[in-house]
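Each chain gets a letter, A, B and so on, in the order its sequence line appears, and its residues count up from 1. Everything numeric here is computed off the predicted structure, so don't read it as measured data. Just so it is clear, the values below take in all heavy atoms, side chains as well, and ignore hydrogens, waters and symmetry mates.
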Amino acid sequence: MIRYAARRLLTAVLLLLVISFLAFLLQQLAPVDPAEAVLHAQGVPQVTSELIAQKKAELGLDRPLLRQYASWLASSVQLDFGLSYVTGKPVWSLLGPAFMHTLQLTAVSAAAIILLSVALGVYCALREDAWPDRATRGAAFLLTAMPPYWLAAWLVWLFSVKLDLLPTSGMDSAASFVLPTAVLAVGYAGVYFRVIRSSMIAGRNEDYVLYGRANGLTERAITRRVLANSLQVAVPMFGMAVPILLGSTVVVENVFAWPGLGTLSVKAILGRDYPVIQAFVLLLASSFVVFNAVSEVLSGLLNPRLRKDL
Amino acid sequence: MKRISRLLSDRLALLSLAVLAAIAAAGMLAPWLAPHPPDEVNMALRYGPWSLHYPLGNDQLGRCVLSRILYGIRPSVLLVLAAVLASVLIGAAVGMAAGYAGGRTDALLMRLCDVMLSFPGYVMTLAVIGVLGVGLQNILLAFILMKWAWFARIVRSSVRQIADADYVRFARTLGTGSLAILFRHILPVCVPELAVVASSSFGSTLLQVSGLSFLGLGIQAPQAEWGMMLSEARQSMFSRPELMLAPGLMIVLTVSAVNFLSDAMQQAVDPQAGSSKRHQPERAEAALIGREVA
Amino acid sequence: MDVLEVSRLSIAHAGSGAAIVPELSFCVKEKSCLAIVGESGSGKSIVCKAIMRLNGPALRQSGSIRFKGTELTELSDDRIRGLRGAQIGMILQNGMRAFDPGLRLGKQLHSVLKAHFGWSREQSRERLSEAMELLLLQSPTAVLNRYPHELSGGMLQRLMIALTLVLQPELVIADEPTTALDAASRQEAIGQLISLRRQAGCSMILISHDLSAVERIADEVLVLRGGMAVERGTAAELLTSPRHAYTRHLVESKHALSGRFVQALGGRTHAER
């Protein structure tokens, strides 16, 4: 097991190196000269070629590429991503709080997604092909075919404008979480509950269920076992949902003006604020890799069959 | 052939296919079908209601909503479809190369696929747009860069699986060329799975592309695109929510049709995903009867 | 006296109404073993599940099933659940699949014993160990601490038999208990089933197409084809001089198969025998 975890960690680290190098290259590929952009950001009125050359030396941009990468990586690890081209502030002072806000939204949504998909999955599996099951699947089908921002706009229109129950945007109170979470949860749970439902239905036809019944176990006890086995399948799926959510809150955050990574990154892209884009890419890709590795190790721990092979 | 006829016997799948064909045709024939030029501004008709002349009304600049919807099919659906097809082709080429070559080339290409697949799609897309700038073509480019790896994997595994199969070896000894083997034996095996994966990724890409356009990262005004139209409609959401209806419903309709078709294809490919297991004991039985006497 | 009397049992698909078992009657005498023989698809397993009312709502059954004078078809769900395991036991074909892959075996077996007898974990462990020792299973405690995937199919099969021994049901239904095993384990399993019958003093229904197992374990044989009884009689007479063409076909194909197999392997099989 420890060897497996170590191997998994090693690949994760390698992947992180590849990702960080790509993120580093991002700035090299960008059509803006970093030195010039920094000068602009610092409000220098007259940008001359001497000033640019001076700045380049100051920022170390005249060094070979790999040396630049190494020093960039070293400072990135310390969360020093340089200055924003647009605001002139340190990138992390923008990114840090935004990341926390997005993380909060992601955590709440992930909890809602897991609860909703397990509850619906079990409910529908127990009523396979009866009308509640069909209705839920139909609704989920429609909801997953809906653009999330469209659904979000209608929810805002209904709950904030017509009924005046919930705030339209921002992140001021617990009520602010309701609509963004609902939009995210509905979209994801609509996919995940189907996985749980079908794995429970498949599980119910397993021989061990027949044997349990033949030995006089109650339906409740049997359902619990089938669910436990289905959840084992679902753990890695849910583990991966978190980083995917982190990335896909972009649209929802923009609709609800959530002060998170999504809003920040779109602003940065539109403003060509490369250091911010770079840090954003690095941050999200890293959390993706880390969550991926953690959820894999976790599901290995949970599943006795896998545990043996580790 | 059996799979296709099974697919065609599914009425819902047929309906979905018809809807998609109609949408595609409408997009291609937009210049002839649209009652007005899609970017013809007429401030006198701002927020005009539904009328005979303007069947879906007018938007905040008095443009014909129906015409914009029809023209919007091109970037929203047709270009996305083209991007999906492009990534399938690239993936198929890479998968074929990896599967045929085997050895180190295979390992290298598959490692590359692993790396591509371990990237979060959304972040990659944003990164590419970040570097290359805002625009639909950059989004689609990012998409192709991301997705080919899926298809490469599918094709590669069917090539590996089949390249060693007896009938292919037999064909080879008969002197059939690689291309003929490819078309006769390998493609028929991986096309169904490719179609299932491609169609479901078509649906999700459609949603993502419209979402990025909605954020202003995709196509630029005054071009008509559904996500873009929704973004414009959102400005007047509190007073004129009805402007969000037509483009949103078109997206729902298209994505639903794609998803239905994808589900139906999945079923046609693997009609009894659950019951395939049921046959195994019988096969085991048959095998064991032979061992009974040993 | 008959432990089980099945009369005019018919089973059909609930949806299409297509009959799987048109009409079937048979009985199991006390302390005797009835073998139900037939090819796959003949409805053997479904008949046995019908006795314990284990067929899902997709199948509809009618007719009378009397167990020690009680009409099973009229019992409430709770009552029949109480009978399952404790009064009528079942042994499945594939040990590898008969247990929950995610739970330790001791825990699974204990949950059954707890449901019927309210035993503590220690009590269950003790009784199970005794039964396993009777079946010559080595290091029972270690086995009970294992997960199903860590043991062989034959081992798991023996665990099912051990559980049955502890539960001491009046009637045991063994559904193809030897089919999924290799030749060596098969001989063992046959021995175990025989000793189960002796130790527990129970009646048994043996579903099988393994005629050598039938020969050794069963007293009576019922030949099933398409859900219909084509022939019945004592094991000895039916297997040596089958009257019905279908039974003859079964018996002969077995002989033919073994003959061909011996031929294919040359003299080796003879030597091993």
Under a 4.5 Å heavy-atom cut-off, does chain A meet the side chain of Leu215(B), its backbone, both or neither? both
Measure distances from Leu253(B) to the heavy atoms of chain A and classify the residue's part below 4.5 Å as side chain, backbone, both or neither. neither
Check whether more than 12 heavy atoms from other residues, nucleotides or ligands sit under 6.0 Å from atom CD of Glu242(B), and answer yes or no. yes
Atom CH2 of Trp72(A) with >12 non-hydrogen neighbours under 6.0 angstrom: yes
Bottom line for Leu14(A): the part with an atom under 4.5 Å from chain B's heavy atoms is neither
Side chain, backbone, both or neither: which part of Val18(A) has an atom under 4.5 Å from a heavy atom of chain B? side chain
Pairwise side-chain contact, Val84(B) with Phe143(B), heavy-atom cut-off 4.5 Å (strictly under): yes
May I ask you to check whether Ser231(B) and Tyr149(A) show a side-chain donor-acceptor distance below 3.5 Å? no
If you measure only the distance, is there a donor-acceptor pair under 3.5 Å linking the side chains of Ser262(B) and Ser199(B)? yes
Taking [options] one by one, which has the highest count of heavy-atom pairs under 4.5 Å against chain A?
| options | value |
| --- | --- |
| Val252(B), Leu249(B), Leu132(B) | Val252(B) |
| Leu217(B), Leu206(B), Thr125(B), Thr254(B) | Leu217(B) |
| Ala257(B), Pro247(B), Gly248(B) | Gly248(B) |

Shortest non-hydrogen contact between Trp226(B) and Ile73(B), atoms and distance: CZ2-CG1, 3.4 Å
Where is the tightest heavy-atom contact between Ala182(A) and Leu155(A), given as atom of each residue plus distance? CB-CD1, 4.5 Å
Which of these, Val197(B), Val255(B), Asn259(B), Val77(B), sits in a side-chain contact (heavy atoms from CB on, under 4.5 Å) with Phe202(B)? Val77(B)
Apply side chain to side chain contact (heavy atoms under 4.5 Å, CB included) to Met229(B) and Val65(B), showing your working. CA-CA 9 Å; Met229(B) 291 173 73; Val65(B) 172; 4.2 Å; yes
What residues of residues 184-199 of chain A sit under 4.5 Å from chain B when you count only heavy atoms? Arg194(A)
